[in-house]
Amino acid sequence: MNWAKLSNVSTAIKSTVNHKLSFKSNPTITLSILESGLLRCRTPKQFNQILSQMILTGYLKDAYAASRLLKFSIESSFVPVDYSLQIFTRLENSNGFTWNTMMRALVQRKNSPQDAILLYKSMLNENVGPDNYTYPILIQAAALLVAHFEGKQVHGHALKLGFDLHVYVGNTLINMYSVCGNMRDARRVFDGSPELDRVSWNSILAGYVQIGDVEEAKRVFDRMPQRNTIASNSMIVLFGKTGRVGDAFDLFNELDEKDMVSWSAIISCYEQNRMYEDALGMFKRMCAGGIELDEVVLVSILSACAHMCAGEIRKSVHGLAIKMGIESYLNLLNALIHMYSKCEEVSEAQKLFDVGHHNLDLISWNSMISGYIRSGLLERAEALFYSMPEKDLISWSAMISGYAQHDQFSKTLELFQEMQLSGIRPDETILVSVISACTHLGALDLGRWVHAYISKNGLNVNVILGTTLLDMYMKCGCVESAMDVFCKMEERGVSTWNAAILGLAMNGLTERSLDLLSEMKSSGVKPNEITFMAVLGACRHMGLVDEGRSHFDSMVREFKVEPNVKHYGCMVDLLGRAGELEEAEELIQTMPMAPDVSTWGALLGACKKHGDVEMGERVGRKLIELQPDHDGFHVLLSNMYASRGNWDDVIEIRGMMTENGVVKTPGCSMIEANGIVHEFLAGDKTHPQIEEIENKLEEMGKRIKMEGYVPDTNDVFLEIDEEEKETSLFRHSEKLAVAFGLLCIAPPTPIRIMKNLRICNDCHTAFKLTSKAYDREIVARDRHRFHHFKHGRCSCSDFW
DNA sequence: TTAGGGTTAG
């Protein structure tokens with residue numbers, strides 16, 4: 001039987017009357033014949049025979065007989081709901097039962113609750129009286145629609161007709177309000193019910209479980225006249241979701257009858273609370289106890305395996321999943337793809353992805369994308385992302401944060417803008433990646449826009465988002481905006497305090513930074529190793545040797561934080577900068593771990609600063625030996641020779657660089673103007689406005705010379721004459737960026753630039769004088785810290 | 001002829 005051809009009942013009848021009818025010898029049908037006919041009815045054809053017979057004999061006009069036929073058609077798997085609906089609409093006589101049956105079919109079989117509500121309206125129009133079966137169906141329809149307004153209306157009708165006292169009506173009302181998260185009304189119905197049964201208790205409990213109100217749920221659960229497995233299982237789940245693992249475990253143990261769902265719930269509880277070993281342990285107990293497994297519990301276990309990347313178990317759970325049938329359960333396939341993606345076995349994930357290609361969903365695609373990203377295969381992730389049939393927030397989020405995690409910050413921002421054009425609204429997670437990209441690119445305007453977006457849309461500034469914002473402002477040199485974010489945060493984590501302490505230190509506000517450390521201690525937050533990196537860094541910037549020593553000592557003594565190699569490096573730097581070269585070298589020799597390259601590097605920098613060529617040469621040559629491909633050490637040593645005019649040594653070092661294939665990292669500066677980030681390399685002539693920039697540079701040179709500028713050619717790497725050295729100095733990337741800023745950024749907005757390396761001595765002097773000559777604030781961020789130039793001075797007090 | 005428990009992707 002081709003149902004598509006049977007577009008309406010009359011054609012169905014035409015086609016069936018031409019067949020020999022099984023009831024031919026029986027022109028009148030009795031109820032018992034109808035019942036026995038329906039009992040034997042297995043195919044659409046047989047059903048149509050019965051239907052046409054009823055039409056021909058006029059028996060369909062009997063409301064009761066029609067209701068039996070309709071009930072059968074709706075309960076049978078081979079009659080489409082729309083076909084039943086056509087029969088229903090052509091019935092001459094119907095009763096409350098047929099209306100109820102039809103409405104239930106629309107809700108439960110056709111999944112169109114809105115049609116059921118429309119049918120109810122015609123029922124009222126035709127003056128068929130609703131009964132106590134009608135309202136549970138309609139209330140269920142409203143619950144499915146999460147349509148509060150309709151729900152309230154239906155509730156009103158039931159009240160008016162007095163059906164609200166019926167226990168089924170009450171139960172569905174409790175359920176509906178619970179689903180809509182309206183626990184006040186759910187509770188009102190519950191408390192006002194003349195009769196409460198198991199369903200009433202379970203429904204009100206489910207409501208509190210859904211909104212996560214663990215206290216109220218527990219009160220209801222404790223008051224229940226008789227507990228049942230379903231209620232207990234819900235409570236285990238809720239305890240798990242609210243982190244009360246102990247309570248979940250106790251309840252699980254108390255259960256007389258643990259069914260598959262109970263085991264599944266306790267396993268998921270461990271899994272969601274990151275207790276993966278315990279989840280696996282429970283799973284083993286479950287298997288050992290011979291409890292039946294299903295796809296849901298396997299998904300939980302696969303998720304636990306994904307977090308642990310446990311090799312052996314992974315294979316055996318994979319085997320169980322295959323047995324279960326991954327082609328029947330997409331969730332199971334997805335959990336497997338996720339597991340292999342997470343454990344960086346992308347090729348294994350890819351195989352599963354390809355096998356199931358015909359019926360995958362968004363979760364499969366998103367897992368695969370994040371698998372590629374985790375393995376650093378950004379191009380493949382990108383290709384998959386752009387070939388997706390449809391994308392959701394998580395797809396965008398995976399790709400945007402993927403770029404940010406792999407330092408592709410410009411792409412992060414580009415994709416974010418593309419997402420906005422496509423009309424998708426970002427959430428907190430995406431904004432964290434976007435803000436972090438702004439931080440790295442110094443894109444302050446966009447960062448500020450994101451901040452405004454958060455406030456305007458009432459997004460939740462959680463610890464991570466707040467800390468990211470604070471860090472962004474600090475690293476863009478906007479200390480006050482950063483501290484404003486800090487003050488307004490309701491909850492602060494250690495990382496929040498660290499970002500603030502570090503940020504203040506980077507911006508040269510050492511005193512405030514150290515004050516904040518005291519505030520952190522007195523507010524009961526325990527500093528960690530990162531806090532001390534920030535604190536020692538603060539002392540280093542200002543050359544506070546004694547203060548640094550005392551914080552270094554307090555790490556272990558007061559806070560049980562063992563200093564690591566970076567803390568020692570910081571101390572070496574602090575001592576070295578202050579000219580305590582011997583003490584610094586001694587610290588290196590007595591530290592409990594092997595000094596790393598940057599610790600030696602700090603000492604080399606100190607030698608350069610204090611002109612100790614003897615120690616510098618020793619340290620520098622040792623460093624080149626340790627890391628022959630590092631550009632900075634060659635450059636430092638070479639500069640040290642150059643400043644003393646030892647050109648032979650300079651040439652030797654340059655030779656070594658060529659030999660070792662060392663390429664000097666080109667200096668690169670960035671500046672944001674009108675929402676676009678401009679990049680400059682040293683000697684760069686590619687910028688479209690290069691002529692104007694060069695004119696501006698020339699003017700800058702003249703004006704700062706009037707303020708007393710003398711070029712500092714000591715650090716020029718090349719052996720060239722003084723005039724050329726000066727020209728080369730005036731093509732430094734940071735000077736190009738500042739000149740561009742003078743051209744394009746109107747006062748009083750500060751000119752903010754960012755440099756990938758440390759700012760050079762000459763640029764530092766030049767910018768101090770530029771800030772005075774042009775009366776402009778210049779904020780320069782280099783790889784270590786900030787310099788705020790204003791009225792001829794720098795916030796670092798020339799100590800950096 | 002009412003309701004209801006466990007799972008996966010950033």
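Relative to the side chain of A:Arg198, the nucleotides B:dG4, B:dT7, B:dG10 differ in distance, and B:dG4 lies closest. Here the nucleotide nearest the side chain of A:Lys241, chosen from B:dG6, B:dG10, B:dT2, is B:dG6. Of the listed nucleotides (B:dA3, B:dT8, B:dG10), B:dG10 has the atom at the smallest distance from the side chain of A:Leu393. If you check B:dA3, B:dA9, B:dT7 against the side chain of A:Val296, the one that comes closest is B:dT7. Residue A:Ser264 has its side chain nearest to B:dG6 when only B:dG10, B:dG6, B:dT8 are considered. Minimum atom distance to the side chain of A:Ala265 is reached by B:dG6, of the listed B:dG10, B:dG6, B:dA9. Nearest nucleotide to the side chain of A:Tyr133, out of B:dT8, B:dG6, B:dT1: B:dT1. Side-chain atoms of A:Gln108 lie closest to B:dA3 of the nucleotides B:dT8, B:dG10, B:dA3. Residue A:Val297 has its side chain nearest to B:dG6 when only B:dG6, B:dT7, B:dT8 are considered. Side-chain proximity of A:Asp392 to B:dA9, B:dG6, B:dT8: nearest is B:dA9.
A:Phe88 and A:Trp99 have their aromatic ring centers within a separation under 6.0 angstrom. Ring pair A:Trp263/A:Phe283: centre-to-centre distance not below 6.0 Å.
Between A:Trp396 and A:Phe385, the ring-plane angle classifies as perpendicular under the 30° and 60° cut-offs.
Spacing between atom CG of A:Leu333 and atom C1' of B:dT7 amounts to 14 Å, rounded to whole angstrom units. Atoms CZ (A:Phe221) and C1' (B:dG4) sit 14 Å apart, rounded to a whole Å. Remark: P of B:dG6 and CG of A:Asn331 are 14 Å apart, rounded to the nearest angstrom. Between the CG atom of A:Leu255 and the C1' atom of B:dG6 there is a distance of 13 Å, given to the nearest Å. In this structure, A:Leu362 places its CG atom 13 Å from C1' of B:dT8, rounding to the nearest Å. Spacing between atom CZ of A:Phe252 and atom P of B:dG6 amounts to 16 Å, rounded to whole angstrom units. Between A:Leu384 atom CG and B:dG10 atom P the separation is 14 Å, expressed in whole Å. Atom NE2 of A:His318 and atom C1' of B:dT8 are 15 Å apart (whole Å).
Take A:His157 and apply the side chain to side chain contact (heavy atoms under 4.5 Å, CB included) test, not counting sequence neighbours, and it matches A:Tyr120, A:Leu124, A:Tyr135.
For B:dT8, the OP1/OP2 oxygens have no side-chain nitrogen or oxygen of A:His338 closer than 4.0 Å. Note on A:Asn175: a side-chain N or O is less than 4.0 Å away from OP1 or OP2 of B:dG4. Taking only side-chain nitrogens and oxygens, A:Gln272 comes nearer than 4.0 Å to OP1 or OP2 of B:dT7.
A donor-acceptor contact under 3.5 Å links the side chain of A:Asp294 to the base of B:dG6. Scanning atom types as modelled, no donor and acceptor separated by under 3.5 angstrom connect the side chain of A:Ser268 and the base of B:dG6. For a distance-only test at 3.5 Å, the side chain of A:Asn228 fails to qualify as a donor-acceptor partner of the base of B:dG4. A donor-acceptor contact under 3.5 Å is formed by the side chain of A:Asn366 with the base of B:dA9.
Both the sub-6.0 Å distance and the 45° axial angle are satisfied by A:Lys258 relative to the ring of A:Phe252.
Using a 4.0 Å cutoff on non-hydrogen atoms, the parts of residues 150-172 of chain A near DNA chain B are A:Tyr168, A:Asn171, A:Thr172, ordered by number.
Side chains of A:Gln108 and A:Gln140: a donor-acceptor N/O pair is present below 3.5 angstrom, by distance only.
Note on A:Thr229: a base of the nucleic acid sits closer than 4.0 angstrom, heavy atoms only. Using a 4.0 Å heavy-atom distance criterion, A:Val237 is classed as a sugar-phosphate-only contact. As judged by a 4.0 angstrom heavy-atom cut-off over every strand, A:Phe97 is placed among the base-contacting residues. Among the heavy atoms of the strands lying under 4.0 Å from A:Ser397 is at least one base atom, whether or not backbone atoms are also near. In this structure, A:Glu75 reaches neither bases nor backbone, as no heavy-atom distance under 4.0 Å exists between it and the strands shown. No engagement by A:Asp361 is indicated, since no non-hydrogen atom pair under 4.0 Å with the nucleic acid exists. Using a 4.0 Å heavy-atom criterion, one finds that A:Asp427 contacts the bases of the nucleic acid, with or without backbone contacts as well.
Using a 4.0 Å cut-off between a side-chain N of Lys or Arg and a carboxylate O of Asp or Glu, A:Arg188 and A:Asp185 qualify as a salt bridge.
Listed by first and then second residue, the side chain to side chain donor-acceptor pair (under 3.5 Å) pairs involving residues 205-225 of chain A are A:Arg187-A:Tyr208, A:Arg187-A:Glu216, A:Glu215-A:Arg244, A:Glu216-A:Arg219, A:Lys218-A:Asp222, A:Asp222-A:Arg227 (not counting sequence neighbours).
Remark: A:Ile464 CD1 is loosely packed, at most 12 non-hydrogen atoms of other residues, nucleotides or ligands lying under 6.0 Å away. Atom CZ of A:Arg274 has 12 or fewer heavy atoms from other residues, nucleotides or ligands within 6.0 Å.
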